[in-house]
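Reading through the structure tokens given below for one structure.
Counting starts at 1 for both ligands and their atoms, following the listed order. Quick caveat: nothing in here was measured; it's all calculated off a predicted structure.
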Amino acid sequence: MKLIVVENYEELSKVAAQEYANVIKENPKAVLGLATGGSPIGMYKELIKMYENKELDFSNVTTVNLDEYVGLNPEHEQSYRHFMNENLFKHINVDITKTFVPNGLAEDLAAQCKEYDEKIKELGGIDVQLLGIGNNGHIAFNEPDTELSAGTHVISLTQNTIEANARFFDNIDDVPKTAITMGVGGIMKAKKIILIASGESKAEAIKGIFSGKITTENPASMLQMHRDAVVIVDKDAAKLLNY
Ligand code: GLP
């Protein structure tokens, strides 16, 4: 696992975007695993800049997102589909029909999860997966627990995550209680993983990634088993690491 510690969020966004750009330049048909949350917004802005400067072409990529809230309409301002459209897709030349986000409105959620994994398989797997991290070590919506699921599944969000994500909603009661998420097995199958974290609130979770111990209580600690994982953090998120 490679650790890159940078000064601040701005630098983190640039370094992460460069890692992504390298993958796309090497393989213009890459399957890009994307993430939501506050952390990737700066990186997406950098990728948009690269596209505008004609350094990057997204016309042949396919994208797959990690997760989606159950029950939110794709047009809902806090749905992850809406987030992706607003923060990235509508600013670049990606073919929107080749952007995949789990459907949180599916009548049969179990079937939707199965289809999502099949779709990823059919695409030949994910070339590079972006991850943020929750304060409690969750990746995508894989919450700390005594056991973790390998494939895409429906999960109940922890109170910690509901509280952390309440900042995006008018009222904490509006935060959905369940989500569809890619499982840790699906994430680990990605050929390359880039995890980004900024700020002191992530320091404890980041410490867990470099603890030398793998535990389901910190789902991100699984990354220690990956062959090509890059963790990019700012100084505040790296606060509890010896580097
Ligand atoms: C949500 C998302 C995760 C994300 C996490 C951290 O729960 N499902 O994919 O990593 O929030 O978000 P932020 O980057 O806003 O701290």
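- Those atoms of ligand 1 with a heavy atom of G132 less than 4.0 angstrom away are 10 (O).
- Classification of E86 and K90 as a salt-bridged pair holds, one side-chain N sitting under 4.0 Å from a carboxylate O.
- Among protein heavy atoms, the minimum distance from atom 16 (O) of ligand 1 is reached at K202 NZ, 2.6 Å.
- Contact between E143 and I155 at its shortest, heavy atoms only, is N-CD1, 3.8 Å.
- Considering only non-hydrogen protein atoms, atom 4 (C) of ligand 1 sits nearest to T36 O, 4.0 Å.
- Under the 6.0 Å cut-off for aromatic ring centres, F89 and F58 do not qualify, their centroids lying 6.0 Å or more apart.
- When hydrophobic clusters are built by joining Ile, Leu, Val, Met, Phe, Trp and Tyr residues whose side-chain heavy atoms come closer than 4.5 Å, directly or via intermediates, F83 is grouped together with Y9.
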Start with the C-alpha gap between D57 and S59, add the side-chain angles, then the distance that decides, and say whether side chain to side chain donor-acceptor pair (under 3.5 Å) holds. CA-CA 6 Å; D57 174 18; S59 61; 2.9 Å; yes
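- Two residues are said to be in side-chain contact when any heavy atoms from C-beta on lie closer than 4.5 Å; M50 and Q18 meet this criterion.
- Nearest protein neighbour of atom 7 (O) of ligand 1, counting heavy atoms only, is H138 NE2, 2.9 Å.
- Atom 14 (O) of ligand 1 has its closest protein heavy atom at S39 OG, 2.5 Å.
- Listed by number with element, the atoms of ligand 1 under 4.0 angstrom from any heavy atom of R167 are 13 (P), 15 (O), 16 (O).
- Between I133 and ligand 1, at least one pair of N/O atoms sits closer than 3.5 Å.
- In this structure, atom 8 (N) of ligand 1 lies nearest to the protein heavy atom D67 OD2, 2.8 Å.
- The single protein non-hydrogen atom nearest to atom 13 (P) of ligand 1 is G38 N, 3.5 Å, given as residue, atom name and distance.
- Side-chain contact check for I180 versus Y116: every heavy-atom pair is 4.5 Å or farther apart.
- Look at A35 and you'll find every heavy atom at least 4.0 Å from all atoms of ligand 1.
- From the protein, the heavy atom lying nearest to atom 1 (C) of ligand 1 is Y80 OH, 3.6 Å.
- Here the heavy atom of the protein found nearest to atom 3 (C) of ligand 1 is A140 O, 3.4 Å.
- Salt-bridge check for K121 with E118: failed, with every basic side-chain N at 4.0 Å or more from each acidic carboxylate O.
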